[in-house]
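Before any comments, here is the structure.
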Amino acid sequence: MVFYALLVGAELDGLTNLQPAGGCDDPTYPYYFKLRCEGCKETSTKATCVSLDEVVELPNGKGTANLVQKCKFCPREGSIVMIPGQGTPLTSELSQKGEMACLMVFECRGYEPIEFAFGNGWKAESVHGTKFDIDLSEGEFDEYDESGGCPVSLSKLQSTFKVVKKQGFHGKTRYV
């Protein structure tokens, strides 16, 4: 099994705390990404949807996963388990440094996640506290903050999956 952290970054102007609408651990937020089979190395043509509220039994009867799927190119089966409690919103401070924020960690067996697809169902707030519902399907966002009296925007949206390791830290599990 391999742990992958989904990292997101963007150029935020007047915005902070970019994350799924219900927070990083939103049980209904659909994470869409393509999968590469570790067996045959083929990549799925369509994005696969994984969410915290969808749980299925593992075929061997030893636990559950958020996704169990057979590769369409070979007979290999894989699974993905989402690990909540690891994500943080993308803040204006991280954005200004050119750094990315971890939204979710995925425990993958038989698959490697690639090409995360941004969509609808995001939120952020202006540096003046105005909340915005955001659709990231187009990769950018421009609006005017009436109460703050200034434009706000999001551009240069990016994502990547990074292999992380599970570590115990003061009685808590972290993935770094």
Practice prompt. Supply the atom-to-atom distance Thr91 OG1 to Gln19 CD, rounded to the nearest 0.5 angstrom.
Written response: 11.0 Å
Worksheet entry | Which atom of Phe161 lies closest to which atom of Glu115, heavy atoms considered | CE1-N, 4.2 Å
Listing, residues 3-16 side-chain donor-acceptor contacts under 3.5 Å, not counting sequence neighbours, or none:
residue : atom : partner : partner atom : Å
Glu11   : OE1  : Lys156  : NZ           : 3.4
Thr16   : OG1  : Ser92   : N            : 3.0

Worksheet item: Under the ring-ring contact (aromatic ring centres under 6.0 Å, His included) criterion, do Trp122 and Phe141 qualify, and how do the steps go?
Response: CA-CA 11 Å; Trp122 291 79; Phe141 173 78; over 10 Å; no
Item to complete: Is it possible for you to say whether Leu154 and Phe116 belong to one hydrophobic cluster, with membership spreading through side-chain heavy-atom contacts below 4.5 Å?
Response: yes
Worksheet item: Under 4.5 Å between any side-chain heavy atoms of Cys49 and Tyr31, yes or no?
Response: no
Fill in: Stepwise side chain to side chain contact (heavy atoms under 4.5 Å, CB included) check, Asn66 with Glu54
CA-CA 6 Å; Asn66 299 100; Glu54 188 155 324; 5.6 Å; no
Worksheet entry | Heavy-atom check, side chain of Leu67 versus side chain of Val56, under 4.5 Å | no
Item to complete: State, yes or no, whether a side-chain contact exists between Ile80 and Leu35 at a heavy-atom distance under 4.5 Å.
Response: yes
Worksheet item: Going only through I, L, V, M, F, W and Y residues with side-chain contacts under 4.5 Å, is there a path from Phe33 to Val163?
Response: yes
Worksheet item: Are Thr48 and Tyr32 close enough, and set up right, to give a side chain to side chain contact (heavy atoms under 4.5 Å, CB included), and what steps lead you there?
Response: CA-CA 5 Å; Thr48 300; Tyr32 285 96; over 6 Å; no
Item to complete: Decide whether Ile134 and Leu94 are clustered together by the hydrophobic rule: side chain heavy atoms of Ile, Leu, Val, Met, Phe, Trp, Tyr closer than 4.5 Å, transitively.
Response: yes
Show every donor-acceptor pair shorter than 3.5 Å between a side-chain atom in residues 103-112 and any protein atom, with sequence neighbours excluded, or say none if there are none.
residue : atom : partner : partner atom : Å
Glu107  : OE2  : Arg109  : NE           : 3.2
Glu107  : OE2  : Arg109  : NH2          : 3.0
Tyr111  : OH   : Gln69   : O            : 3.1
Tyr111  : OH   : Lys70   : O            : 3.4
Tyr111  : OH   : Cys71   : N            : 3.0
Glu112  : OE1  : Arg36   : NH1          : 3.3

Practice prompt. Can you measure from OG (Ser51) to OH (Tyr29) and round to the nearest 0.5 angstrom?
Written response: 11.0 Å
Worksheet item: Between NZ of Lys72 and OG1 of Thr43, what distance do you get to the nearest 0.5 Å?
Response: 13.5 Å
Item to complete: Please tell me if the side chains of Leu136 and Leu157 come closer than 4.5 Å, counting only heavy atoms from C-beta onward.
Response: yes
Worksheet item: Are Leu52 and Thr28 side-chain neighbours, meaning at least one heavy-atom pair lies under 4.5 Å?
Response: no
Discussion item. Rounded to the nearest 0.5 Å, what separates atom CD in Glu140 from atom CG in Asp135?
Written reply: 11.5 Å
Discussion item. Quick one, Thr160 and Met100 - any side-chain contact, counting heavy atoms below 4.5 Å?
Written reply: yes
Worksheet entry | Donor-acceptor pair, side chain of Asp25 and main chain of Gly85, under 3.5 angstrom | yes
Discussion item. Quick check for you: to the nearest 0.5 Å, what is the distance between Gln86 atom CD and Cys102 atom SG?
Written reply: 7.0 Å
Worksheet item: Once you round to the nearest 0.5 Å, how far does CD of Gln167 lie from OH of Tyr175?
Response: 11.0 Å
Fill in: Residues, nucleotides or ligands: over 12 heavy atoms within 6.0 Å of Glu99 CD
yes
Ignoring hydrogens and angles, write down the donor-acceptor pairs under 3.5 Å from the side chains of residues 126-133, residues two or more places apart or on other chains.
residue : atom : partner : partner atom : Å
Ser126  : OG   : His128  : N            : 3.1
Ser126  : OG   : Gly129  : N            : 3.2
Ser126  : OG   : Thr130  : N            : 3.1
Ser126  : OG   : Asp145  : OD2          : 2.7
Thr130  : OG1  : Asp145  : OD1          : 2.6
Thr130  : OG1  : Asp145  : OD2          : 3.4
Thr130  : OG1  : Ser147  : OG           : 2.6

Worksheet item: Side chains of Val68 and Pro59: closer than 4.5 Å at any heavy-atom pair?
Response: yes
Fill in: Single-linkage hydrophobic cluster Tyr144~Leu18, side-chain heavy atoms < 4.5 angstrom
no
Worksheet item: Heavy atoms, side chains only, cut-off 4.5 Å: are Cys74 and Cys37 in contact?
Response: yes
